Amino acid sequence: MGASGSPTASVADVVAVLDGRYPPSWAEGWDRVGLVVGEPSAPVRRICCVVDVVPETVAEALDHGAELIVAHHPLLLRGVSSVAATTYKGRIVHQLIRGGVALYVAHTNADVADPGVSDALAARLGLTGLRPLRPAAPGSPAAGQGRGIGRVGELPAPMTLADLTGYAAEVLPPTAWGVRAAGDPGRMIRTVAVSGGAGDSYLEDARRAGADAFLTADLRHHPVSEYVAEGGPALLDAAHWATERPWLDDVAEHLRTHLPVETVVSDLDTDPWTVHAASPASAVDKESRS
């Protein structure tokens, strides 16, 4: 209880709720999830949910008076020998500690959860009848109950790839990157696979799932070129941040439901690509005719 007698959560309470929804054992072996900074006994009244832990989102959390940040991407994914303030990540750690802000990360364990990161992405497109794109491996800690990477579902009504690309750009958080697609613009799309974050390692999963199109991020030239040439599903490439930002709303609601806390969802676009200029339509038409 707080000084006024009102219920107050602690950092440990928040960790327990998040660990219950996204068990750390579900994370990939290379991942680094869970509590990163913070005293377990410290009180928490407001939580800020972000995709990336960067100086700008930490400053945003401080401006909102948050005592804890829930982030999707790990701050300390690879080993470090120092968190001195002379290093980029060290400065962030110092910023957090000085501000009395704890940090918790849910990454690949939130990716495979049901509901998880890709469920929130699928909901933006209105997909129904969801199933995992790559189910969690049998015998793994996350196996069963619909868990796994990505989701496959059905659009409310079929649409062309060109229309789906425009629709995705409208319903996803806005970025300079936007959404681009590979495939016949007139191809009819009904079954769509999605995977929040980098997804080119799941191209074959999308083919095996019978998807007409696969929306993800960070697709590369050669894999896309070969995949489309071999008759795979059409591909939609969105900004990494935009494919994971929808999950923040879900985790914020879950925290409000289970704890006496307020939540703030960051809409600060932390995608590194900040400028986009489309080629003039006349130049594109000229090239396509040559």
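All values reported here derive from a predicted model rather than from experimental measurement.
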query: About how many Å separate CG of Leu255 and CZ of Arg21, when rounded to the nearest 0.5 Å?
result: 9.0 Å

- request: With rounding to the nearest 0.5 Å, note down the distance linking CG in Leu268 to CD in Glu56.
  value: 6.5 Å

message: For the backbone of Trp273 and the side chain of Asp271, can you confirm whether one donor and one acceptor N or O come within less than 3.5 Å of each other?
response: yes

- prompt: Which atom pair, heavy atoms only, marks the closest approach of Ala110 to Tyr22?
  reply: CA-CD2, 3.7 Å

- prompt: Shared ILVMFWY cluster between Trp241 and Val54, side chains joined below 4.5 angstrom?
  reply: no

query: Do the non-hydrogen side-chain atoms of Val11 and Ser41 ever get within less than 4.5 Å of each other?
result: no

task: Check whether any side-chain heavy atom of Ile189 sits under 4.5 Å from a side-chain heavy atom of Tyr167, and report yes or no.
output: no

- prompt: If we ignore angles and hydrogens, is there a donor and acceptor under 3.5 Å between the side chains of Thr108 and Asp111?
  reply: no

task: Take Arg190 and Asp212, measure what salt bridge (charged side-chain N to carboxylate O under 4.0 Å, His left out) needs, and give me the verdict at the end.
output: CA-CA 6 Å; Arg190 180 59 185 267; Asp212 300 312; over 6 Å; no

query: Under a 4.0 Å N-O cut-off, is there an ion pair linking Arg256 with Glu253?
result: no

field: Atom pair NE2/CD1 of His94 and Ile97 - distance to nearest 0.5 Å
entry: 6.5 Å

field: Side chains of Val105 and His72 in contact at under 4.5 Å (non-hydrogen atoms)
entry: no

query: Where the side chain of Trp26 meets the backbone of Pro141, is there a donor-acceptor pair that is under 3.5 Å apart?
result: yes

- prompt: Heavy-atom distance under 4.5 Å between the side chains of Val264 and Ile47, does that happen here?
  reply: no

field: ILVMFWY network linking Leu155 to Met188, side-chain heavy atoms under 4.5 angstrom
entry: no

task: Evaluate the side chain to side chain contact (heavy atoms under 4.5 Å, CB included) criterion for residues Val194 and Leu127: first the C-alpha distance (whole Å), next the side-chain angles of each, then the deciding distance (0.1 Å), finally the verdict.
output: CA-CA 10 Å; Val194 300; Leu127 301 184; 4.0 Å; yes

query: Quick check: does any side chain N or O of Asp200 sit under 3.5 Å from a backbone N or O of Leu219, one acting as donor and the other as acceptor?
result: no

- prompt: Would you say the side-chain atoms of His254 pair up with the backbone N or O of Leu18, donor to acceptor, closer than 3.5 Å?
  reply: no

Heavy-atom side-chain proximity of Val44 to Asp13 below 4.5 angstrom: no

- request: Report the distance from atom CE of Met159 to atom OG1 of Thr165, rounding to the nearest 0.5 Å.
  value: 10.0 Å

Ring pair (Phe, Tyr, Trp, His ring centres under 6.0 Å) against His276, all qualifying residues, sequence neighbours excluded: none

query: For Gly153, does its backbone N or O pair with a side-chain atom of Arg131 as donor and acceptor, under 3.5 Å?
result: no

- prompt: Are the side chain of Ser118 and the backbone of Gly196 linked by a donor-acceptor contact shorter than 3.5 Å?
  reply: yes

- prompt: Under a single-linkage definition using a 4.5 Å side-chain heavy-atom cutoff for Ile, Leu, Val, Met, Phe, Trp and Tyr, are Val53 and Val14 assigned to the same hydrophobic cluster?
  reply: no

query: Should Asp237 and Arg220 count as an ion pair when the cut-off is N to O under 4.0 Å?
result: no

query: Should Asp267 and Arg245 count as an ion pair when the cut-off is N to O under 4.0 Å?
result: yes

message: Check whether Arg45 reaches the backbone of Pro260 with its side chain - one donor and one acceptor, N or O, closer than 3.5 Å.
response: no

field: Pair Arg207-Phe214, side chain to side chain contact (heavy atoms under 4.5 Å, CB included): steps then yes or no
entry: CA-CA 9 Å; Arg207 188 199 304 270; Phe214 177 32; over 6 Å; no

- request: Would you please say whether a donor-acceptor pair under 3.5 Å links the side chains of Glu154 and Thr191?
  value: yes

query: Same cluster for Trp177 and Leu172 if Ile/Leu/Val/Met/Phe/Trp/Tyr side chains link at under 4.5 Å?
result: no

query: For Val93 and Val37, which heavy atoms make the closest approach, and how far apart are they?
result: CG1-CG2, 4.5 Å

Joint hydrophobic cluster, Leu125 plus Ile149, side-chain heavy atoms closer than 4.5 Å: no

field: Heavy-atom closest pair, residues Ala176 and Val275
entry: CB-N, 3.8 Å

field: Donor-acceptor contact present, side-chain Ser266 to main-chain Cys48, <3.5 Å
entry: no

message: Could you report the tightest heavy-atom contact between Ala209 and Leu133, atom names first, then the distance?
response: CB-CD1, 4.3 Å

- request: Quick one: do Asp114 and Arg151 satisfy side chain to side chain contact (heavy atoms under 4.5 Å, CB included)? Show the steps, please.
  value: CA-CA 10 Å; Asp114 181 18; Arg151 293 293 181 265; 3.6 Å; yes

field: Main-chain N/O of Glu60 paired with Asp63 side-chain donor or acceptor, under 3.5 Å
entry: no

Reported CG-to-CG distance for the pair Leu215 and Leu164, which is rounded to 0.5 angstrom: 7.0 Å

task: May I ask you to decide if the ring planes of Trp30 and His107 are parallel, tilted or perpendicular, using 30° and 60° as cut-offs?
output: perpendicular

- prompt: Quick one: are Leu68 and Val70 in side-chain contact, heavy atoms under 4.5 Å?
  reply: yes

- prompt: To the nearest 0.5 Å, how far apart are CD1 in Ile69 and CG in Leu75?
  reply: 9.5 Å

message: I need the minimum non-hydrogen distance between Ser82 and Thr87, along with the two atoms involved.
response: O-OG1, 4.4 Å

query: Could you go step by step and tell me if Leu235 and Val228 meet the side chain to side chain contact (heavy atoms under 4.5 Å, CB included) rule?
result: CA-CA 8 Å; Leu235 299 175; Val228 172; 4.2 Å; yes

query: Which is it for His240 and Glu244 under the side chain to side chain donor-acceptor pair (under 3.5 Å) test, yes or no, and what are the steps along the way?
result: CA-CA 7 Å; His240 192 121; Glu244 295 175 329; 3.1 Å; yes

message: Is there a side-chain contact between Tyr104 and Val15 in this structure, where contact means two heavy atoms from C-beta onward sitting under 4.5 Å apart?
response: yes

- line: Nearest heavy-atom contact between Pro138 and Ala143 is CA-CB, 4.2 Å

Side chain to side chain, Cys49 and Trp247, heavy atoms closer than 4.5 Å: no

field: Backbone N/O of Ala113 and side chain of Arg147: donor-acceptor pair under 3.5 Å
entry: no

